[in-house]
Amino acid sequence: MPEGPSILILKELVQQFKHKTVAEATCNNKSLDASLLVDKRIIDFKSWGKHFLICFPKFTVRIHMMMFGTYRINTHTAKPPRLGLRFTDDTELNFYACQLQLITEPLDKAYDWQADIMSDHWSSRKAIKKMKADPDLLVCDALMDQHIFSGVGNIIKNEALFNARIHPESLVSALPPKKLTEMINEAVKYSFQFLEQKQAGTLKKNWKAYHKKECPRNHVPIIRKDTGKSHRTSFYCEVCQKLYK
DNA sequence: GGTCTTGTTCAGGA
DNA sequence: ATCCTGAACAAGAC
């Protein structure tokens, strides 16, 4: 479910609930007092990277799908939802296996919109500035850092690095400026391709490195390795993805 | 049926 | 204090 583009799809699908009033709310753990939502009206849905935000007049409910989160619209599963919302017209919206958090401060204070890679407010310049603050930063960790590239997950990381021909263990500080810009541009570009391909049901078949056996450019084996401080798996071609160090 | 994983936080040890 | 590791959580795909 996660990665930024999937949250944009969710946001699109729930537009039907905008301006509706919650008639009944349940939460199957202690992370949120669901009674706070009853009789409250949803004024908007927003997102920040992988965060999905349900905005009420005086607070926002933050939903993070983590690895396995799911949702059901106007239906439900056998298990009680982490967050279940029923509206006054008997429609329903249910979230499972997700992390909930109540945000009471203004959203502009809680979020740096310029860090959201798929937002209109995205700023490459600011991302570069953040990356330059750490001279030992590897590109694989930089792309996975939600404060720098909010919305990027392991799939986007691997595909963007493949497209930019950059080895995941390259040092950000060793990349020529044009190459760093190229990496960022590929991350943004692939994020929007991810969105289109996911909607078309063609996401997996378009992967060039992620979970692939061989490089589509030269047919040498794709390397699979635990990389960086984040210890997330990278998939890359040793031949066409250059290691900058 | 076992393994893997589109993610993050936190406790505890070095 | 700081860095690092493993645990915890949770569920569908293969």
Side-chain angles (χ1 to χ4, degrees), chain A residues 1-13 27-32 47-53 61-72 75-84 94-103 110-112 115-118 133-138 140-163 168-169 186-213 222-236:
Chain A
M1 165 73 232
E3 301 218 22
S6 300
I7 300 303
L8 291 189
I9 291 171
L10 165 61
K11 194 161 69 174
E12 188 64 35
L13 291 173
C27 175
N28 74 345
N29 73 2
K30 289 187 154 186
S31 62
L32 181 75
S47 62
W48 180 80
K50 300 166 187 173
H51 294 200
F52 176 63
L53 306 167
V61 175
R62 188 194 98 173
I63 299 181
H64 196 306
M65 296 297 193
M66 307 302 282
M67 291 267 248
F68 316 118
T70 55
Y71 56 87
R72 292 290 187 280
T75 182
H76 49 266
T77 68
K79 289 188 178 180
R82 174 60 40 83
L83 177 64
N94 300 295
F95 297 92
Y96 305 85
C98 56
Q99 189 185 80
L100 303 177
Q101 194 176 310
L102 191 71
I103 300 176
Y111 290 110
D112 173 9
D116 182 352
I117 195 156
M118 300 186 75
D134 179 0
D136 301 320
L137 185 64
L138 301 183
C140 59
D141 287 326
L143 284 168
M144 293 295 278
D145 187 330
Q146 299 302 297
H147 298 293
I148 307 175
F149 294 99
S150 175
V152 171
N154 210 22
I155 297 173
I156 296 172
K157 174 195 84 180
N158 282 296
E159 292 296 300
L161 289 175
F162 179 83
N163 290 337
E169 293 176 309
E186 288 297 342
V188 174
K189 190 169 89 184
Y190 182 72
S191 295
F192 285 97
Q193 288 173 346
F194 182 125
L195 173 60
E196 284 178 22
Q197 291 169 9
K198 177 117 183 160
Q199 286 170 322
T202 58
L203 183 66
K204 276 190 189 185
K205 79 169 192 189
N206 282 296
W207 286 338
K208 296 180 202 147
Y210 184 74
H211 276 285
K212 299 303 282 189
K213 284 271 181 287
I222 287 283
I223 307 296
R224 174 192 182 123
K225 186 183 175 190
D226 181 300
T227 53
K229 288 185 180 175
S230 55
H231 291 288
R232 298 300 300 277
T233 306
S234 286
F235 298 84
Y236 58 95

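Chain identifiers are assigned alphabetically (A, B, ...) following the order of the sequence lines, protein sequences preceding nucleic acid strands; residue numbering begins at 1 within each chain.
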Atom CG of Leu161(A) and atom P of dT6(B) are separated, to the nearest Å, by 14 Å
Are the side chains of Met65(A) and Phe95(A) in contact, using a 4.5 Å heavy-atom criterion?
yes
Sticking with atom P, work out how far dC4(B) lies from dG6(C), rounded to a whole angstrom. 16 Å
Separation of dG12(C) atom C1' from Arg72(A) atom CZ, nearest Å, is 10 Å
Would you indicate whether the side-chain heavy atoms of Met118(A) and Leu195(A) approach each other to under 4.5 Å? yes
Separation of dG7(B) atom P from Phe68(A) atom CZ, nearest Å, is 10 Å
Do the non-hydrogen side-chain atoms of Tyr190(A) and Ile155(A) ever get within less than 4.5 Å of each other?
yes
When rounded to whole Å, the CE to P distance for the pair Met118(A) and dT6(B) reads 18 Å
* Just say parallel, tilted or perpendicular for the rings of Trp48(A) and Tyr111(A), cut-offs at 30° and 60°. => tilted
OP1 or OP2 of dG7(B) under 4.0 Å from side-chain N/O of Lys50(A): yes
* Heavy atoms of other groups near Gln199(A) CD, more than 12 under 6.0 Å -> yes
Given protein heavy atoms under 4.0 Å, the one-letter contact record of nucleotides 9-14 of chain B, with B base, S sugar-phosphate only and - none, is simply ------
When rounded to whole Å, the CD to P distance for the pair Gln199(A) and dT6(B) reads 21 Å
**OP:** Examine dC14(C): is either OP1 or OP2 under 4.0 Å from a nitrogen or oxygen in the side chain of Lys204(A)? Give yes or no.
**Re:** yes
Checklist line | Any side-chain donor near an acceptor of the partner, Asp141(A) and Ser230(A), under 3.5 Å | finding: yes
ask   = Within the pair Arg232(A) and dT8(B), is there a side-chain N or O less than 4.0 Å away from OP1 or OP2?
value = no
Would you classify Lys79(A) as touching base, sugar-phosphate or nothing, given that sugar-phosphate means primed atoms plus P, OP1 and OP2, and contacts are heavy atoms under 4.0 Å? sugar-phosphate
Heavy atoms of Ala209(A) and Asn158(A) approach each other most closely as CB-O, 4.3 Å
The answer to which of Cys98(A) and Lys229(A) contacts DNA chain C further toward the 5' end, by nearest nucleotide, is Lys229(A)
May I ask you to evaluate whether Arg82(A) reaches the phosphate of dA10(C), defined as a side-chain N or O under 4.0 Å from OP1 or OP2? yes
Taking 4.0 angstrom as the limit, do Glu169(A) and Lys225(A) come out as a salt bridge? yes
Among the nucleotides dT6(B), dT5(C), dA11(C), whichever has the atom closest to the side chain of Ala97(A) is dA11(C)
- Please examine the side chains of Lys198(A) and Ser6(A), heavy atoms only from C-beta on, and report whether any two atoms are closer than 4.5 Å. yes
Dot-bracket assigned to DNA chain C with the 3.5 Å Watson-Crick/G-U criterion, [ ] for crossing and | for other-strand pairs, is .||||||||.||||
Out of dT6(B), dT8(B), dT5(C), minimum distance to the side chain of His231(A) belongs to dT5(C)
Separation of dT6(B) atom P from Tyr71(A) atom OH, nearest Å, is 19 Å
Atom NE2 of His64(A) and atom C1' of dA11(C) are separated, to the nearest Å, by 16 Å
For this session: Sticking with atom C1', work out how far dT6(B) lies from dC4(C), rounded to a whole angstrom.
Result: 25 Å
To the nearest angstrom, the OH-P distance between Tyr210(A) and dC4(B) comes to 13 Å
| message | I'd like to check Leu102(A) versus Val61(A) (side-chain heavy atoms, cut-off strictly below 4.5 Å). Are they in contact? | response | yes
Testing dT8(B), dC14(C), dT6(B) for proximity to the side chain of Lys198(A), the answer is dT6(B)
